[in-house]
Undergrad: 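Supplied in structure tokens, the structure appears directly below.
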Amino acid sequence: MKLHEALNIDLNEINREIENFVTRDKDVPKKSQLAQSVLELVASGGKRLRPLMVIVGSRFGRKPSGRRALQLSAAAEFIHAASLIHDDIIDDAELRRGGPALHTKTGILSAVHIGNYMSARVIELLSKHTGDKNRYVHDLSSVATAQLCLGEYQQMEHAYDYDITMEQYLEKSRNKTALLMATCLRVGALSSESTEEVANLLYTFGEALGMSFQIQDDLLDFTQSTEILGKPAGSDLRHGQVTLPVLYALQDSELAADIRKIGSDSSDAEVMHVLSLINRSDALARAEEISQDYLEQAAGIVEQLSAYPAHTDLETLLQYFAGRDR
Ligand code: FPP
Ligand code: MG
């Protein structure tokens, strides 16, 4: 069963709302490259994890939030999709969701502007929710987006930095991945007038899930084939990303000497050699353990929310993240 089915969420409704973000913009002609590119991007699939998290969050409130949660869920996907457009340019990635990345079709300049438009359109739409009671909306449209950009900046700053600390790695992962997921659950909850306490618990739950998600993503670079990943295996290592498995492998002095030799001019053979050395070490198992620790933290929060019927949806999310295959 697909995740949205297990959560009893109508994905078509969410997809329509995401499309509305651009089709209802009267300043953007329907046949323009901008509108068509955004619509193609929406149609290219994706699991819609973040929108689903907003809707799940909204089930913890005291009032049904209806359209508001739907709009916030579309906003979350818009921010995420915009960040992936930019990410693929930064990573020089040609594939996304099994098809060509946007910048390979439109050129880099257009793709940058399309990403900027999407990010700004979210702010435009959500800024209509004014007043103190609705301030949480801006946690999604501005705070979470700023955190994403900061995380990406921190990642770039530490490329080929084999002295990056565990704290720096965790902070980068939190900013880049976990806090958007945390915010999705929190704003969903507040849109249906949950208590602050519940919204904050859901935030911590989403943060833990997001950390586990990022570590699993780091592991996939070592364990999956190019075909499954939709990008070359070992691509993080090649681009100098010191992910959690690499951090653990660096603790072994022999392995560290080989890893530290990888630079931007390394050959494919050198990268593949180090990839197989790390694969044979205990680094992957140790990273997996940390990912499991985060899932356990998340499970602890589900227990604290067990009085709410929607806690079973958190269990569904948890199971999905525990067995996630991309
Ligand atoms: C995927 O990383 C990328 C992110 C989680 C965030 C990227 C954020 C930006 C580029 C900042 C720009 C943001 C906006 C809103 C315009 P990955 O390369 O590890 O994952 P992948 O394998 O899916 O590419
Ligand atoms: Mg990338």
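Atoms within each ligand, like the ligands themselves, are counted from 1 in listed order.
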Undergrad: Of all the atoms in ligand 1, which lie at a distance below 4.0 Å from a heavy atom belonging to C149?
TA: 11 (C), 12 (C), 13 (C)
Undergrad: Could you tell me which atoms of ligand 1, counted from 1 in the order shown, lie closer than 4.0 angstrom to a heavy atom of T145?
TA: 15 (C)
Undergrad: Where on D87 is there a heavy atom closer than 4.0 Å to ligand 1, on the side chain, on the backbone, on both, or on neither?
TA: both
Undergrad: Under a 3.5 Å distance rule, please check whether N15 uses its side chain to pair with a backbone N or O of A43 as donor and acceptor.
TA: no
Undergrad: For ligand 1, which part of I90 has a heavy atom less than 4.0 Å away: the side chain, the backbone, both, or neither?
TA: side chain
Undergrad: What part of N116, side chain from CB on, backbone N/CA/C/O, both or neither, has a heavy atom under 4.0 Å from ligand 1?
TA: neither
Undergrad: Once you restrict to heavy atoms under 4.0 Å, what part of Q147 touches ligand 1? Side chain, backbone, both or neither.
TA: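 No part of Q147 is near ligand 1 at this cut-off.
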Undergrad: Which atoms of ligand 1 sit under 4.0 Å from any heavy atom of H86?
TA: 10 (C), 12 (C), 16 (C)
Undergrad: Using a 4.0 Å heavy-atom cut-off, say whether E152 meets ligand 1 through its side chain, its backbone, both or neither.
TA: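 Within the 4.0 Å criterion, E152 contacts ligand 1 through side-chain atoms alone.
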Undergrad: Surrounding NZ of K63 (heavy atoms of other residues, nucleotides or ligands, distance under 6.0 Å), is the total greater than 12?
TA: no
Undergrad: Heavy-atom contact check, 4.0 Å cutoff: does M118 meet ligand 1?
TA: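 No; M118 lies far enough from ligand 1 that no heavy-atom distance drops under 4.0 Å.
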Undergrad: Considering only N, O or S atoms, which atom of D91 is nearest to the Mg ion (ligand 2)?
TA: OD2
Undergrad: For the pair E196 and R186, find out whether any cationic side-chain nitrogen is under 4.0 Å from an anionic carboxylate oxygen.
TA: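 Yes.
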Undergrad: Has R97 got more than 12 heavy atoms of other residues, nucleotides or ligands less than 6.0 Å from its CZ?
TA: yes
Undergrad: S266 and side chain to side chain contact (heavy atoms under 4.5 Å, CB included): which partner among V274, V271, L237?
TA: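 It is V271, the one option of V274, V271, L237 that forms the side chain to side chain contact (heavy atoms under 4.5 Å, CB included) with S266.
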Undergrad: With the Mg ion (ligand 2) as the reference point, give the N/O/S atom of D87 that is nearest.
TA: OD2
Undergrad: Within the structure, does K176 bring an N/O atom to less than 3.5 angstrom of an N/O atom in ligand 1?
TA: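 Indeed, backbone or side chain, K176 has an N or O that close.
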Undergrad: Taking both backbone and side chain into account, is any N, O or S atom of D88 nearer than 2.8 Å to the Mg ion (ligand 2)?
TA: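 No, outside the cut-off.
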Undergrad: Please check this pair: side chain of D252 against backbone of L255, looking for a donor-acceptor N/O pair closer than 3.5 Å.
TA: yes
Undergrad: Specify the closest pair of heavy atoms between F213 and L49, including all atoms of both residues, with the distance to one decimal.
TA: CE1-CD1, 3.6 Å
Undergrad: Can you tell me if CD on E197 sees more than 12 non-hydrogen neighbours from other groups inside 6.0 Å?
TA: no
Undergrad: Do other residues, nucleotides or ligands put more than 12 heavy atoms under 6.0 Å from Y153 OH?
TA: no
